[in-house]
Structure formats: C-alpha cells, structure tokens
Amino acid sequence: MFTAMRAERMEGLHFFSDETTGLEAIVAIHNTQLGPALGGCRYLAYNSVEDAIADAMRLARGMSYKAALAGLAQGGGKAVILRQPHVANRAALFEAFGRCIESLRGGYITAMDSGTSSADMDCIAQHTAHVTSTSHAGDPSPHTALGVLAGIRSAVRARLGQDSLSGVRVTLQGLGNVGYALAQLLQAEGAELLVADLDQGKVRLAEEELGAQPLALDAVFEAPCDVFAPCGLGGSINQRSVAQLRCAVVAGAANNQLVDAEMADQLMMRDILYAPDYVINAGGLLHVALTHQGVGAGEIAGRVKNIGSRLDSIFEQSRADGQSPAVVADRQAEQLLYSEGRF
Ligand code: NAD
C-alpha cells in the first residue's frame, strides 16, 4: 500500500466504516501544498476494495493537477463510498459520511460526483461545513461550459489564427448538461454545429433550437470540422479515432479524453491542437470551490474566463518546446505542486 501511495505521491489515505448504516468509505488526499484537498465523492459498486482505493487515489491526483492549473488555493482529494446491493437508509449513510469528513477537520472538502446528488451533499452538510455542491450551491455545468467556450476560443486563435468563432464548424459529441449549454453558447457566437448524442431527443432539440446538423454516433470523428469537442464520456480519443479525426482542434468538456498519454503525441503529429481536458473543463471546479470560499458571482465568472489565458500560455510553451500541450500542462501543474520540494 505504501509503495502505491508513493508512486502516486499521495499524502494520505483514510478508511471509514460505520456499523449502523453499513458505510464503508475511503478518502484519498493527494496534495495539500496549495490548500485543503477538494474533490468529489463517488458512490459506486467496485469489484474489490483494492479497485476502490486505486480509483480514489487516481482521481485525487487528477484533482490536484486540475486545481493547481485553475489557480485555486486548493489541493486534490477524492472520496469513494462502496455501494452495497441494498442500502436501508441512504440519507443516514450520507449523514454518517458527513461525520467522517468532519473528523478530518477541513483537510478534505467533498462534492458531488458519479453516483451522488446534491441531495446527498445536503445530508453530509448536516454534520460538516466541509462540503460543496449542495442544492443551495447550484449546478456547476453552465460554468464548465463557459470555461470550455473560453478554451475553444484560445485554441481557435492559436491554431486557426482567428479571434471570432463565427463560421467555425464545431462537432459536439454529447449534448448533456455541459454539451448542450456549450452548444447554446457556440450558436450565439455564430459557430456552425454538428451534433451527436446517444439520446436522439437531445439531438432533435439541438436541430430545432440551434439549427445544428445531426450526425450518426460513429460519424463524429470523420466529419470535417474545425473543432472536435468531446462532451460525453472519457476515452473518446483512442488509436482508432485519432486516425479518423478531420479537425484542427480537439477541445471539449469530457474528463480523461485521451485513452492514454501517447494519444497526445499522435494528435500533435497530425497537427491537431489538443486543449488538455483538466485545464479546459475546470470551470465547474472553479464555481464549486470559489462558491464554497464565499467568492461572488462576478469574480467567479472572471476566473472561469481565465481558462482561456491559461491555455494561451500552454499552447505558446508547447510551440516553443515542441512538446504536446498535455505534457506542458502536467509540467506546469507539477511546478506548482512540488515547487518547495516536499516530496
Ligand atoms: P451528462 O451525463 O449530463 O451528459 C453526457 C451526454 O453525453 C449524455 O447526453 C450522453 O447521452 C452523451 N453521450 C455519452 N456517450 C456518448 C457517445 N459515445 N456519443 C455521443 N453522446 C454520448 O454529463 P455532463 O455533466 O454534461 O458531463 C459531460 C462530460 O464532461 C463528462 O465526461 C464529465 O465528466 C465532464 N465534466 C463535467 C463537468 C460538469 O460540470 N458537469 C465538469 C467537468 C467535467
């Protein structure tokens, strides 16, 4: 276990169990160099406790990088609650988890994630103040979409040399909470939209409301466009799809867009500019973290817009070094996280 922790440069791992509610939970705290660890709480069934620990550690590490490059005084953490086939009282389970978080005395702040809802966060909030994305805090998705818009603007400027998004052809893979909001923003800027979603109702709505052109699910990669925006699940850029792409830019909201690190080099070899996912999709995290800190809406909007400037600097450095934007982003994050040589 300690070897695995060292490999991930993990500061701490906390295990909790509560007999009354059946709670079994893990909190991974990756790095608190810049501030208390913040990251979502997953409520999922895992094949083994080892899988759950590995998931918590991997995700906590990702949160450190994301928060650092978003300019937040926040570290990276993640919680996992092991989902059992039957839970007698869900509210009691999350309340018990709230007491666990309180015992960490603010070293970890939790939030909504896969399998959890703002109602679950409300239960946690009954026992600790170290929780965000409660029903009171609001949906982060529109803020994520605004950050992605700023990022697309930066990538289009860097790769196509134009400031306006008017007439820019964007393929959106996924029209969920973020994807649809992004489609609305792009349409307002005069972009031309090509869209696909597993849910045909969402595709029809985009056709009717936004004049979008529908695509079959497997046609998204080959459709000629300026920007390919992955806004569905992770892993959409793989060995097969990277060869099919006919775009100049990949910039979207999805987490873990590249199936592995090699894809970043392959995109670069094909002269496709990639906006690193955890940089461009940090708008939701900024909203969640800054709302928790009591920052006002106007300042939060400005900080979300700054995602564009962060990407400007990553693209510039990438050009200067001849390295992919993904490598440059990781290096910039590591400089912030390990600048005082704590590890
Ligand atoms: P969502 O579940 O609301 O929407 C996802 C949409 O993608 C759904 O409509 C789904 O039908 C569609 N989809 C899934 N697979 C697809 C495929 N193969 N082809 C086409 N469509 C597909 O999720 P969301 O909140 O909009 O988040 C989208 C992505 O952005 C996720 O990867 C998420 O992790 C990431 N993200 C979201 C936020 C946020 O604030 N919600 C923040 C950061 C990152």
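Heavy atoms only: backbone and side chains are in, while hydrogens, waters and symmetry mates are out. Just so you know, ligand 1 is whichever comes first in the structure, and atom 1 is the first atom listed for that ligand. Counting from 1, the numbers follow the sequence of the chain as shown.
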request  = May I ask you to decide if the ring planes of Tyr65 and Tyr278 are parallel, tilted or perpendicular, using 30° and 60° as cut-offs?
outcome  =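 Rings of Tyr65 and Tyr278: perpendicular, over 60°.
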
query = Do other residues, nucleotides or ligands put more than 12 heavy atoms under 6.0 Å from the CD atom of Glu316?
reply =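 It does not: Glu316 CD has 12 such atoms or fewer within range.
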
Could you tabulate the donor-acceptor pairs under 3.5 Å formed by side-chain atoms of residues 240-255, not counting sequence neighbours?
residue	atom	partner	partner atom	Å
Ser241	OG	Ser236	O	2.7
Ser241	OG	Asn238	N	2.9
Ser241	OG	Asn238	O	3.4
Ser241	OG	Asn238	OD1	3.1
Asn255	OD1	Asn281	ND2	2.9

inquiry  = Among residues at least two apart in sequence or on other chains, which ones pass ring pair (Phe, Tyr, Trp, His ring centres under 6.0 Å) with Tyr180?
reply    =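 Per chain and number, Tyr180 pairs via ring pair (Phe, Tyr, Trp, His ring centres under 6.0 Å) with no residue.
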
inquiry  = Taking salt bridge (Lys or Arg N to Asp or Glu O under 4.0 Å) as the definition, give me every residue that meets it alongside Arg331, ordered by chain and number, with sequence neighbours left out.
reply    =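 Applying salt bridge (Lys or Arg N to Asp or Glu O under 4.0 Å) to Arg331 gives Asp321.
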
query = Under the criterion side-chain contact (heavy atoms from CB on, under 4.5 Å), which of Ile26, Leu38, Asp113 is the partner of Lys78?
reply =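 Result for side-chain contact (heavy atoms from CB on, under 4.5 Å) with Lys78: Asp113.
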
Could you pull out the N/O contacts under 3.5 angstrom between ligand 1 and the surrounding protein atoms?
residue	atom	partner	partner atom	Å
ligand 1	3 (O)	Asn177	N	2.9
ligand 1	3 (O)	Asn177	ND2	3.3
ligand 1	9 (O)	Asp197	OD1	3.2
ligand 1	9 (O)	Asp197	OD2	2.7
ligand 1	9 (O)	Lys202	NZ	2.6
ligand 1	11 (O)	Asp197	OD1	2.6
ligand 1	26 (O)	Asn177	N	3.1
ligand 1	26 (O)	Val178	N	2.8
ligand 1	30 (O)	Ala253	O	3.2
ligand 1	32 (O)	Gly232	O	2.8
ligand 1	32 (O)	Asn255	N	3.3
ligand 1	34 (O)	Asn255	ND2	2.9
ligand 1	40 (O)	Thr144	OG1	2.7
ligand 1	41 (N)	Ser141	OG	3.2

